[in-house]
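First the structure, in the form of structure tokens, and then the observations on it.
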Amino acid sequence: GGEGRGGAGGRARAAMPGGGASWRALGLAGLWAAAAGAAGALPRPDAPLREVYEGVFDEEEGFYFRDPRNWIIHDPSPVAEIDGHLLVGVTGKEQADGYDCGLETWIVDGDAPGGFRPGQCVLREKPAWALELIPENPGAYWAPVIDGPSRRMYYSISSLGEDTTTCIGLATATLTNSSESPPSPDSYKWEDSGAPVLCQWEGEDNTDDPEPAAIDPTFFRDDDGREWLVYGGGHVWAVELNPKTGKLLTGEEWDNGDSGDFFHLANGPGQDDDDWVEAPHLMKHGGMYYLFVNWYACCRGSASTYQIRVGRSASITGPYVDADGVDMRGGGGKLVMSRDTHGVIGPGHAGTFVYRDSGGQEVEIFSHHYYPLNGTPDSFAQMRTLSWNSYHWPVVSRDQWNPRDIGCSSLHRMACKRQKNDTGERHCRWDRSERPGRCAPLLSVCELLKRSRRCALRKDASGQRLCTWLPSERKGEKCQPRLV
């Protein structure tokens with residue numbers, strides 16, 4: 001769901017690029033084809049989020065977001081690693097007072113208040129397809145999920161009004177400065193794909209079929225390389241993706257599972273007065289799939305009743321059951337977090353992330369948003385450690401995890417391994433920087449020699465280089481030439 005400062009008025013309906021039939025009438029396949037041939041105005045570039053916050057002026061409270069005590073994180077994505085940086089995507093806020101971010105990214109930082117610092121303000125222009133399909137949406141989008149390896153971000157758009165249409169969009173990041181090594185977390189350009197991944201037209205108004213709202217997407221890549229989108233509000237469904245495009249594998253629209261492309265995974269608790277479910281997250285442990293969801297009410301500050309529940313299955317498509325064997329489509333869901341268990345209000349939007357510590361041991365991190373017990377109306381995010389009981393059910397620590405604990409883990413070493421010289425050898429190593437909780441690249445002696453062009457100056461008669469520089473097997477020695 002959206003955040004307290006995330007509501008705003010609608011915008012005027014815009015025609016589909018090039019004119020013609022409406023987006024909805026085209027169907028998903030037509031939408032993708034139309035988007036491929038559509039040309040639009042250049043969007044406003046992504047901006048450092050802190051700079052945007054510096055300019056947000058509230059008449060009653062002044063420069064509201066300048067003070068870190070007023071920072072808001074709602075609907076955080078699971079932590080994702082991109083180029084050695086740990087990022088989360090966050091729901092956009094009210095489009096007012098100089099704020100114009102469709103979505104936000106935040107950076108995990110052990111030195112920042114609460115362990116997060118502002119990253120980027122992204123998708124500042126509403127995609128043309130969203131203007132047509134969901135004109136009432138003011139430009140703030142919900143609950144993104146980031147896949148680090150592909151640099152893709154899925155997000156949801158809702159009208160916040162009477163229109164029942166909801167859609168899931170896709171944006172992909174490219175580097176604006178490829179010379180940086182590693183790139184700055186502010187140097188990405190997030191660009192929308194030009195068409196929705198999927199839309200649900202009726203949602204809860206469809207009383208004949210359990211149609212989900214197309215909100216709260218989560219991404220899962222299985223061990224066999226197959227990729228899945230799990231999503232939904234009111235009901236949770238899964239559909240397979242095309243790894244090359246990030247779009248639906250078959251292109252079929254939701255049909256209550258009749259085609260075999262969509263799989264119904266979970267409903268709410270089955271209570272007449274509060275039967276809502278949303279915010280799915282999928283992970284794998286010990287050969288089993290674990291589906292985390294939220295029950296009850298979101299986004300009400302200290303009155304929020306969100307709880308995080310979980311079920312598991314031997315198959316990614318279900319059925320998912322709780323510790324008592326109750327199907328999550330029939331009211332099942334083992335309690336993971338609530339106000340009573342962890343002392344925070346409305347914990348929601350579970351995410352998990354795994355890294356190896358300096359000793360090579362896997363550490364599992366569990367992230368979520370929450371409201372504090374002091375009555376503060378705005379949410380923020382926390383990270384805790386995840387363990388498993390003797391019955392192989394997840395247990396979330398009461399203590400928070402400190403990002404400084406990650407140190408110079410294999411996470412950062414992996415980022416370095418992707419940077420290689422022309423011989424295929426690593427040309428840098430990662431060393432702890434002066435600021436705790438961060439790592440910085442340290443160039444090897446050989447790379448410094450290459451940068452000084454000592455090797456490049458040696459050429460044969462045709463102008464080709466005679467050698468490349470490789471590290472010696474003995475640490476600390478100078479680099480040795482190798483003829484090519």
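Heads up: numbering here begins at 1 and tracks the sequence.
Checked by atom type, the side-chain pair Thr91/His74 shows no donor-acceptor distance below 3.5 Å. Using a 3.5 Å distance cut-off with no hydrogens or angles, the side chains of Thr317 and Ser315 do pair a donor with an acceptor. Trp201 and Glu253 share a donor-acceptor pair across their side chains, judged by distance under 3.5 Å alone. Side chains of Arg384 and His368: a donor-acceptor N/O pair is present below 3.5 angstrom, by distance only. Side chains of Glu104 and Tyr99: a donor-acceptor N/O pair is present below 3.5 angstrom, by distance only. Between the side chains of Thr376 and Asp378, no donor-acceptor pair of N or O atoms lies under 3.5 Å. Counting only N and O atoms by type, the side chains of Gln361 and Tyr355 include no donor and acceptor under 3.5 Å apart. A donor atom on one side chain and an acceptor atom on the other are not found under 3.5 Å apart for Glu278 and Trp295. Judged by distance alone, the side chains of Asp399 and Ser397 never bring a donor and an acceptor atom under 3.5 Å apart. Residues Asn137 and Ser159 have side chains that never bring a donor and an acceptor to within less than 3.5 angstrom of each other.
We find the CD-NZ distance between Glu132 and Lys126 to be 10.5 Å, quoted to the nearest 0.5 Å. Atom OG of residue Ser387 and atom CD of residue Glu364 lie 8.5 Å apart, to the nearest 0.5 angstrom. Taken to the nearest 0.5 Å, the CG atom of Asp75 stands 6.0 Å off from the SG atom of Cys298. We find the OG-NE2 distance between Ser390 and His392 to be 7.5 Å, quoted to the nearest 0.5 Å. Summarising the geometry, atom CG belonging to Leu103 is positioned 10.0 Å from atom OG belonging to Ser77; distances are rounded to the nearest 0.5 Å. Note that CG of Asn402 is 12.0 Å distant from OG1 of Thr385, once rounded to the nearest 0.5 Å.
Put simply, the side chain of Gln382 does not reach to within 4.5 Å of the side chain of His342, judged on heavy atoms. Residues Val56 and Asp58 fail the side-chain proximity criterion, which asks for heavy atoms closer than 4.5 Å. Here the side chains of Pro403 and Asp109 are not in contact, with every heavy-atom distance at 4.5 Å or above. Residues Leu175 and Arg151 form a side-chain contact, since some pair of their non-hydrogen atoms from C-beta on lies under 4.5 Å apart. No side-chain heavy atom of Asp322 sits less than 4.5 Å from a side-chain heavy atom of Met328. Using a 4.5 Å heavy-atom cutoff, the side chains of Val88 and Pro78 are not in contact. Within the 4.5 Å cutoff, the side chain of Thr105 has no heavy atoms near those of the Leu49 side chain. Phe116 places a side-chain heavy atom less than 4.5 Å from the side chain of Val108.
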Ser158 vs Trp142, side-chain contact (heavy atoms from CB on, under 4.5 Å): CA-CA, chis, key distance, verdict: CA-CA 8 Å; Ser158 176; Trp142 292 358; 3.8 Å; yes

Intermediate values then yes/no, ring pair (Phe, Tyr, Trp, His ring centres under 6.0 Å), Trp388 and Tyr290: CA-CA 12 Å; Trp388 302 85; Tyr290 289 80; 4.8 Å; yes

side-chain contact (heavy atoms from CB on, under 4.5 Å) between Tyr154 and Val197, worked out: CA-CA 9 Å; Tyr154 295 89; Val197 175; 4.0 Å; yes

Chi angles and distances behind the side-chain contact (heavy atoms from CB on, under 4.5 Å) call for Arg50, Trp71: CA-CA 10 Å; Arg50 188 63 185 267; Trp71 290 352; 3.5 Å; yes

Step-by-step side-chain contact (heavy atoms from CB on, under 4.5 Å) determination, Phe220 to Ile316: CA-CA 10 Å; Phe220 181 78; Ile316 193 170; 3.5 Å; yes

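For the side-chain hydrogen bond (donor to acceptor under 3.5 Å, both in side chains) criterion with Tyr188, the lone passing option out of Asp46, Thr174, Asp83 is Asp83.
Remark: side-chain polar atoms of Glu61 are not paired, donor with acceptor, to backbone N or O of Tyr64 under 3.5 angstrom. Between the side chain of Lys93 and the backbone N or O of Ile72, at least one donor-acceptor pair lies under 3.5 Å. No side-chain donor-acceptor contact under 3.5 Å links Asp261 to the backbone of Glu252. Asp216 contributes a side-chain N or O that, together with a main-chain N or O of Ala279, makes up a donor-acceptor pair within less than 3.5 Å. Between the side chain of Ser379 and the main chain of Tyr371, no donor-acceptor pair closer than 3.5 Å is present. Side-chain atoms of Ser156 never come within 3.5 Å of backbone atoms of Ala214 as a donor-acceptor pair (strictly under, hydrogens ignored). Between the side chain of Arg309 and the backbone N or O of Met337, no donor-acceptor pair lies under 3.5 Å.
Around CZ of Arg300, the count of heavy atoms belonging to other residues, nucleotides or ligands within 6.0 Å does not exceed 12.
Between Trp237 and Trp254, the distance separating the two ring centers is shorter than 6.0 angstrom. If you look at Trp276 and Tyr306, their ring centroids are not closer than 6.0 Å. Under the 6.0 Å cut-off for aromatic ring centres, Phe366 and Phe292 qualify, their centroids lying closer than that. Ring to ring, Tyr141 and Tyr155 are close: their centroids are under 6.0 angstrom apart.
Salt-bridge check for Asp222 with Lys284: passed, with a basic side-chain N closer than 4.0 Å to an acidic carboxylate O. Under the 4.0 Å criterion applied to side-chain N and carboxylate O atoms, Arg117 and Asp111 are not assigned as salt-bridge partners.
Residues satisfying the side-chain contact (heavy atoms from CB on, under 4.5 Å) criterion with Glu227, sequence neighbours excluded, are Arg152, Phe219, Arg221, Leu241, Pro243. With sequence neighbours left out, Glu59 forms a side-chain contact (heavy atoms from CB on, under 4.5 Å) with Phe57.
The nearest pair of heavy atoms linking Ala47 to Val52 is CB-CG2, 4.1 Å. Of all non-hydrogen atoms in Leu133 and Cys167, the two that sit nearest each other are CD1-SG, 4.0 Å. Nearest heavy atom pair, residue Gly194 against residue Asp192, reads N-OD2, 2.8 Å. When all heavy atoms of Ala266 and Leu291 are compared, the pair lying nearest together is CB-CD2, 4.1 Å. Residues Ile157 and Ala130 come closest through the heavy atom pair CD1-CB, 3.7 Å. Pro212 and Gly232 make their closest contact through CB-CA, 4.1 Å (heavy atoms, listed as atom of the first residue, atom of the second, distance).
Cation-pi geometry between Arg66 and Phe63 is satisfied (NZ or CZ under 6.0 Å from the ring centre, within 45° of the ring normal).
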